[in-house]
Amino acid sequence: MAKETVMACVEARSKLSEIHDRVNDQGDTYVVAKRQKPVAVIIGIHRYRQLSGAAKNVKKVGGK
């Protein structure tokens with residue numbers, strides 16, 4: 001099962017490539033915190049589309 005990880009903004013920035021891979025490959029979710037307060041969430045595009053209902057409106061990168 002995918003897991004949720006909370007990390008500081010500085011750490012998330014330094015591990016962005018690893019986060020990208022884990023979100024894409026394993027469906028993990030990351031909560032990014034600034035001064036110990038959650039400010040953002042990194043989730044996979046498929047999960048984002050499910051939550052936002054934007055599946056029909058989001059174009060692929062490059063606009064094609």
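Because the structure is predicted, anything quoted here is derived from the model rather than measured.
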Residue pair Y30, V23: steps toward the side-chain contact (heavy atoms from CB on, under 4.5 Å) verdict
CA-CA 8 Å; Y30 287 82; V23 166; 3.8 Å; yes

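- Across all non-hydrogen atoms, the minimal contact from A12 to V32 is CB-CG2, 4.2 Å.
- Using a cut-off of 4.0 Å between Lys/Arg side-chain N and Asp/Glu carboxylate O, E18 and R22 are scored as not salt-bridged.
- Distance check: D28 CG to R47 CZ gives 13.5 Å after rounding to the nearest 0.5 Å.
- From T29, atom OG1 reaches atom CD1 of I42 across 10.0 Å, with rounding to the nearest 0.5 Å.
- Counting only heavy atoms from C-beta outward, the side chains of I19 and M7 approach each other to under 4.5 Å.
- The shortest non-hydrogen separation linking P38 to V31 is CB-CG1, 3.7 Å.
- Distance check: C9 SG to K37 NZ gives 15.0 Å after rounding to the nearest 0.5 Å.
- Minimum heavy-atom separation, V6 to A33: CG1-CB, 4.4 Å.
- Distance CD/Q50 to CD1/I43: 9.0 Å, rounded to 0.5 Å.
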